[in-house]
There are 2 protein chains.
Amino acid sequence: MRKKDPEKQEAILHSAVRIFAHQGYHVAKMSKIAEDAGVAAGSLYLYFKNKESLLEEVIDATWEDMRRRYEHSIQAEGLSPAQKLVALIDIVFDLFMDDPDRAIIFVNEQHHLEQKGIVDFSTKKEMLLNLGAQVIQEGVSRGDFDPHIDIMIFKEFIFGGLHQVLNLWALQPEQVDLDKIRKALKPIILNSIAK
Amino acid sequence: MRKKDPEKQEAILHSAVRIFAHQGYHVAKMSKIAEDAGVAAGSLYLYFKNKESLLEEVIDATWEDMRRRYEHSIQAEGLSPAQKLVALIDIVFDLFMDDPDRAIIFVNEQHHLEQKGIVDFSTKKEMLLNLGAQVIQEGVSRGDFDPHIDIMIFKEFIFGGLHQVLNLWALQPEQVDLDKIRKALKPIILNSIAK
DNA sequence: CGCTAAAATGAACCACCATTCATTTTTCTC
DNA sequence: GAGAAAAATGAATGGTGGTTCATTTTAGCG
């Protein structure tokens with residue numbers, strides 16, 4: 001009577017993360033993931049239902065990670081809206097810093113699951129974006145931020161900008177120090193919303 | 001002795017644009033493109049070498065369009081750096097306004113060709129981004145823009161932000177007026193770089 | 001009007017890849 | 001140590017979809 005090997009499951013996930021991040025979901029081959037993990041192709045299906053489940057596992061875990069980071073950072077007392085905005089930015093940077101491959105998959109590949117109607121991340125996304133909206137609204141109320149700002153557009157714009165810059169960095173993380181980028185972007189973002 | 005029908009070629013391109021934009025390159029099926037264009041699947045290969053050539057045709061045409069728009073707008077005399085920056089933003093907005101599907105393909109799908117080493121758009125991208133860099137450098141020199149700005153990071157950030165917002169708009173163009181978004185974004189961008 | 005050559009067709013072909021499964025190996029329990 | 005059951009294997013299977021091609025149709029030319 002054998003038991004599944006947790007280390008083997010981790011190896012498969014680790015290989016999947018690397019290959020999904022570098023090649024994209026569609027181009028990534030199950031046979032390559034198996035090879036990279038050092039298991040037979042058939043073994044993948046002992047630990048994961050199918051290719052999509054593999055991707056879902058990675059993304060769900062990152063949503064959970066994201067949620068925990070938010071809880072720890074934004075709830076801190078005594079922060080001004082600008083400091084909260086900076087804290088939100090730091091969450092995204094830290095996500096990329098800690099695991100660039102997972103972060104890349106998180107921002108680039110989850111639409112594959114959504115497109116097939118397998119999962120619906122909109123609730124999670126809404127919650128996350130609402131948090132950002134609250135911060136901006138608070139800043140506007142206190143007179144720290146420009147009251148004419150369109151919060152919806154601003155959120156998407158900042159998200160897209162961070163996405164683009166961090167994506168480029170993740171492709172060649174050794175080229176530019178992430179903290180340098182972080183320092184360069186914070187004033188740009190704070191300026192853009194300043195009153 | 002028959003001749004190829006230019007209208008048929010346009011129909012195929014038109015269908016390809018719509019389907020590539022809405023489903024993405026990988027998920028898009030040649031059989032669906034043929035069906036949508038009202039031709040047999042085999043006919044596609046009379047007008048285009050293969051699936052990749054179809055995509056390349058769309059993107060090349062959009063690069064050409066982009067180049068022409070740049071020539072017409074940025075070369076205008078008497079513009080301040082801020083006005084030039086605004087003109088660059090307008091080019092991107094106009095591209096999406098005029099043909100959302102083509103614009104979406106242009107920003108989302110060209111990495112498929114690059115990934116396979118079929119084409120190299122880096123020269124074109126460099127030229128485009130250098131133009132933006134020149135505008136920012138001019139603004140810094142004149143004291144209009146923040147001298148501490150990291151031009152490279154700023155460019156990517158703005159591109160990514162515009163990309164994200166315009167992508168969302170293109171998915172549901174009837175939901176929000178594009179000019180409203182344009183008006184909302186311009187001050188955000190100009191503020192972000194202001195001295 | 002006849003002939004030629006190219007367009008057009010759409011099923012067949014072929015390659016690819018996710019997933020399955022018959023068989024072997026291994027581990028856990030008694 | 002034997003037996004049972006699950007892991008593990010990796011080639012086979014089946015499905016998908018890009019591309020080809022044998023045949024038919026059509027249009028352009030003389």
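As a basis for the values below, the full set of heavy atoms in this structure was taken, side chains included, without hydrogen atoms, waters or symmetry mates. We name chains A, B, ... by the order of the sequence lines, and we start the count at 1 in each one.
The nearest whole Å value for the distance from the CZ atom in A:F48 to the C1' atom in D:dA7 is 15 Å. Residue B:E52 contributes atom CD, which lies 14 Å from atom C1' of D:dG17 at whole-angstrom precision. Taking atom CD1 of residue B:I19 and atom P of nucleotide D:dG17, one finds them 13 Å apart after rounding to whole Å. Taking atom OH of B:Y45 as the reference point, atom C1' of C:dG10 lies 13 Å away to the nearest angstrom. Rounded to whole Å, atom P of D:dG18 lies 10 Å from atom CG of B:L44. Rounded to whole angstrom, the span from the NZ atom of A:K32 across to the P atom of C:dC17 amounts to 9 Å. We find that CE of B:M1 is positioned 16 Å from C1' of C:dA8, with the value rounded to whole Å. Atom NZ in A:K29 sits about 16 Å away from atom P in C:dA15, given to the nearest Å.
For the pair A:A41 and B:K3, nearest-nucleotide mapping onto DNA chain D gives the more 5' position to A:A41. Summary of the strand contacts: B:A28 and A:G42 both lie near DNA chain D, and taking for each the nucleotide with the nearest heavy atom, the more 5' one is attributed to A:G42. Residue B:D5 is the one, among A:H26 and B:D5, whose nearest nucleotide of DNA chain C lies closer to the 5' end (criterion: closest heavy atom).
Side-chain nitrogen and oxygen atoms of B:S43 include none within less than 4.0 Å of the OP1 or OP2 phosphate oxygen of C:dA7. The phosphate of D:dA8 has OP1 or OP2 within less than 4.0 Å of a side-chain N or O from A:K8. Distances shorter than 4.0 Å separate some side-chain N or O of B:Y47 from OP1 or OP2 on C:dA8. For the pair A:K4 and D:dA8, the criterion of a side-chain N or O lying under 4.0 Å from OP1 or OP2 is not met.
Comparing C:dT19, C:dA18, C:dT26 by their nearest atom to the side chain of A:N50 picks out C:dT19. Closest to the side chain of A:K51, out of C:dT19, D:dA8, D:dT26, is C:dT19. Picking from D:dA27, D:dA6, D:dT19 the nucleotide with the shortest atom distance to the side chain of B:R2 gives D:dA27. Here the side chain of A:M30 is nearest to one of D:dT20, C:dA7, C:dA18, namely C:dA18.
A salt bridge does not link A:D90 to A:K84: none of the charged side-chain nitrogens sits closer than 4.0 Å to a carboxylate oxygen.
For B:M66, the CE atom is densely surrounded, since the number of other residues' heavy atoms within 6.0 Å is greater than 12.
In this structure, A:K51 forms no cation-pi arrangement with A:F20, as its terminal cationic atom is not both closer than 6.0 Å to the ring centre and no more than 45° off the ring axis. For the pair A:K186 and A:F93, the cation-pi criterion (under 6.0 Å, within 45° of the ring axis) is not fulfilled.
Using the six-membered ring where Trp is involved, A:F157 and B:F157 have ring planes that are perpendicular, over 60° apart on the 30 and 60° scheme.
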